[in-house]
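What follows is a short report on a single structure.
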Amino acid sequence: MTAVLPPGDEEYLAWLADHSWPNDDYLDLERLWRAELEPITVDHDGPVCPGCERAGDDVWPCPNCGLLVHSTCGHGMRRRKISKPYRTRDMDTESVVAEWVCRRCASIVGLDVDRGDEETGHGLHQ
């Protein structure tokens with residue numbers, strides 16, 4: 001903001017900011033937004049998850065928008081349970097029970113299949 005405000009307005013804005021975001025919570029939101037919008041840098045060793053800062057084969061960019069997603073910690077995606085499980089061409093007897101959806105563009109970035117671990121809700125399989 002570049003406008004020069006009268007002292008009363010400055011005090012009101014300072015109170016409003018303190019009331020709306022105690023303990024500077026808005027700075028945490030800004031860091032999160034900046035991390036999600038930064039361009040992806042991929043080195044030869046593989047990308048590093050911005051959420052847990054670990055590298056691995058299960059860190060990859062969303063094929064639609066490029067947001068880095070990580071299956072181990074779930075960074076960048078959310079799990080959507082399927083009401084009617086289905087099968088894909090590449091699966092023999094396993095049914096898809098949930099889809100992992102990109103938080104930025106809502107495209108499907110992974111599938112959970114029924115391997116007997118559905119009660120715990122773990123196990124992203126692509």
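FYI, side chains are in, hydrogens and waters are out, and symmetry mates aren't considered; it's all heavy atoms of this structure.
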*Tell me, with the steps shown, if R54 and V48 meet side-chain contact (heavy atoms from CB on, under 4.5 Å).*
CA-CA 5 Å; R54 289 185 292 168; V48 175; 5.8 Å; no
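From C62, atom SG reaches atom CG of L68 across 10.0 Å, with rounding to the nearest 0.5 Å. The NE2 atom of H70 sits 4.5 Å away from atom SG of C52, with the distance rounded to the nearest 0.5 Å. The distance from atom CE of M77 to atom OG of S107, rounded to the nearest 0.5 Å, is 11.5 Å. S71 contributes atom OG, which lies 10.0 Å from atom CG of D112 (distance to the nearest 0.5 angstrom).
V59 approaches P47 most closely through the heavy-atom pair O-CG, 3.5 Å. Scanning all heavy atoms of the two residues, the minimum distance from G76 to V69 falls at O-CG1, 3.6 Å. Minimum interatomic distance between K81 and A98 (heavy atoms only, all atoms of both residues): CA-CB, 4.0 Å. The minimum heavy-atom distance linking Y86 with L111 is given by the pair OH-CD2, 3.6 Å.
Applying the side-chain hydrogen bond (donor to acceptor under 3.5 Å, both in side chains) test to R80 and every residue at least two apart in sequence or in another chain returns E99. Residues passing the side-chain hydrogen bond (donor to acceptor under 3.5 Å, both in side chains) test with N64, sequence neighbours excluded: none. Contacts of P63 classified as side chain to side chain contact (heavy atoms under 4.5 Å, CB included), with partners at least two apart in sequence or in another chain: V109. Residues passing the side chain to side chain contact (heavy atoms under 4.5 Å, CB included) test with R103 are R78, sequence neighbours excluded.
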